Number of protein chains: 2
Amino acid sequence: MNFEAVTIKDIARELGISPSAVSKALRDSHEISPKTKGLVLECAQRIGYKPNPMAQSLKRGKSKSIGIVVSTIDNQFFSQVINGIESVAHNNGYNVIITQTNESFELEKLNVQHLTFRSIDGLLISLSTETKNIDHLKDLHKKGLPIVFFDRTSDEIETHKVIADNFNGAYEATVQLIKAGYRKIAHITSSVNVSITTERLKGYQLALEENNIELNEKYIKYCLHGGKDLAEIEHALSELLFSDDRPDALFTASDRITTTTLALLHKLKFKIPDDIALLGFTNTQLAAVLNPSLSSVYQPGIEMGKKATEMLISMIESKRPVTEFETVILPTQVFIRDSSKPVGVIS
Amino acid sequence: MNFEAVTIKDIARELGISPSAVSKALRDSHEISPKTKGLVLECAQRIGYKPNPMAQSLKRGKSKSIGIVVSTIDNQFFSQVINGIESVAHNNGYNVIITQTNESFELEKLNVQHLTFRSIDGLLISLSTETKNIDHLKDLHKKGLPIVFFDRTSDEIETHKVIADNFNGAYEATVQLIKAGYRKIAHITSSVNVSITTERLKGYQLALEENNIELNEKYIKYCLHGGKDLAEIEHALSELLFSDDRPDALFTASDRITTTTLALLHKLKFKIPDDIALLGFTNTQLAAVLNPSLSSVYQPGIEMGKKATEMLISMIESKRPVTEFETVILPTQVFIRDSSKPVGVIS
DNA sequence: TTGAAAGCGCTAACAG
DNA sequence: CTGTTAGCGCTTTCAA
């Protein structure tokens, strides 16, 4: 509720002119005399007039709000992205409606539906790990809803996308492990459904290939729910750790998986990196003070949020339908710390 | 924009009845025959009718959205709180508008103003560290805007509040340090302005007092921006570490301060807990895998968000003005880990 | 340059 | 039980 319930009519009455004149004056229309404009502006200021956004929205058919779909906000990477989204949106007079899928396809559909009920002007989405089919988005896209994908995208819709350089991040990370002397490098990753999994996998594979290390399929473990369930990571990890051919290094592909893996290795009393090295994607600012300090691939979360929102708003506000789309790839940074120290070096 | 632009009129036309009848049928009014209701519902379903929330809001004078003010979303504790807020709000058909103050009083005022422009039905706020004066909220409160404080509250407005048991958390934490053999316990805390600082300070003081340890004012360091600036924590810390009477333990009072202190101690090559012990408020799930594993006071962030939102929505939807207010205090949990191991014990 | 009037989609008082 | 009408606050023709 707007508690400054001063309307255009109040100004009109005060000045003895018509509401429509006031409206025009406030919008700085050319068909209003400078004198009247001055009076209106002064009066609006004086009696504390604030436009009612709901009335404007109803009239204009725009809600000035954008919907966000992420897996969960309680995650370093996504909270940074949302931080970025929020700042750009706010600066442009938009507010954001955040919804969480918890990696569930059903919840993703429900959330998208809920958002359209709320009359959003555009959608920013990072797909859930369960999502294979995006018909729920195709329909909306066809009807003209501006959509920008970030992080976990889909090829099935042509629109703007913003991702981190997952390929290079993974490539670089794997190369660093190889340089440090590890050869049996396992990869614990998210669901095959999501784009980031494929991109990271490719980087990992190329690094191995270039270094003449044969790919061992048993070293690649997928977590269908992106590590949401502790059990799936526990399962993947124990298959790796208690196999005949235990890997000497782990390359983990997401924030949740990386930190959970670290915690599990602790619990299992594995020494890092002596028993097994660890390097993973994570955006935690605590990487340097973990035990051991954690080698990591960092994604520019805030920038990703900002860029995606800028693109979305430009689509929303574009006069003519946008037909040229862009996929922005933001650089990742690899930090080498103790958890991937060279083999055989005693600290 | 609602891309399912089917309106009540479409149903009315389809069925050859009046829009108001349709409206009433949809709202299950008693003055509509079951037969008509059935027809309307079926037709609504069939042609994909979705109510336009902006029109409803305009009519009802309610926006079904609530405003949130926090220092920054990119912080474990607050992102957990927002997670809780979001889930309850969403379940009750509300959406949330998040704004961040970055601990700035000016931004807090601006955000609150912005939120009222956006016609929020209620406000959830955790004050910035800079905030001493809350006239910007008093005005709104007087005009009838439902407000619920969480985390950092103010006595100057009588309304619902939800806080963690800061007093007990701090008391318990300090007692644990004393039990472990530490006697020179310093306290690095946030700004004196915010409620949590006082509450935590009191717990700290009582623990010392009960154990006949004299309070040393020099051991209490305030960070006016809650640790937003690295420099202020650096400054506080070096005053403590390089004084004649260096403390043997640190009790830090917020997420940011705790993790930054840990990082700085690392940088300065201080051994924890041998050179100095550390125990602090933090909500990071990584506490157990930090180096060393970090003793911590954990606040129920998600619950805090949920509870605050439930209270706010009950105020918003209350038929009569609410006059009985409650301050809910949620328990904190203290986890003792290696960073506060008993003095003299070699691991 | 200004004003009257219609209408965005929905609801509610009042008639019928 | 159903329809007519007016109006939430604002914008936008169109007419004056």
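Convention: sequence-line order gives letters A, B, ...; per-chain numbering from 1. A quick note: this is a predicted structure, and the numbers were derived from the prediction, not measured.
The residue among L58(B) and S20(B) whose nearest nucleotide of DNA chain C lies closer to the 5′ end is L58(B).
A cation-pi geometry, defined here as NZ or CZ lying under 6.0 Å from the six-membered ring centre and within 45° of its normal, does not hold between K50(A) and F117(B).
Electrostatic pairing of E310(B) and K306(B) does not count as a salt bridge here, judged by no charged N lying under 4.0 Å from a carboxylate O. Between D28(A) and K37(A) there is a salt bridge, with a side-chain nitrogen of the basic residue lying less than 4.0 Å from a carboxylate oxygen of the acidic one.
Here S18(B) does not reach the OP1 or OP2 of dT4(D): none of its side-chain N or O atoms lies under 4.0 Å away.
Backbone-only contact: Q56(A) has heavy atoms under 4.0 Å from sugar-phosphate atoms and none from a base. Within 4.0 Å of K9(B), counting heavy atoms only, lie sugar-phosphate atoms of the nucleic acid but no base atom. No engagement by S57(B) is indicated, since no non-hydrogen atom pair under 4.0 Å with the nucleic acid exists.
Here the P atom of nucleotide dG7(D) and the CD1 atom of I8(A) are 18 Å apart, to the nearest Å. The distance from atom CZ of R13(B) to atom P of dC10(C) is 12 Å, rounded to the nearest whole Å.
Nearest nucleotide to the K59(A) side chain, out of dC10(C), dC1(D), dG7(C): dG7(C). For A21(B), the listed nucleotide lying nearest its side chain is dT2(D); candidates were dC10(C), dC14(D), dT2(D).
No option in L110(B), V112(B), T116(B) other than V112(B) meets the side-chain contact (heavy atoms from CB on, under 4.5 Å) test with H136(B).
At a cut-off of 3.5 angstrom, the base of dG3(C) holds at least one donor-acceptor pair with the side chain of K24(A).
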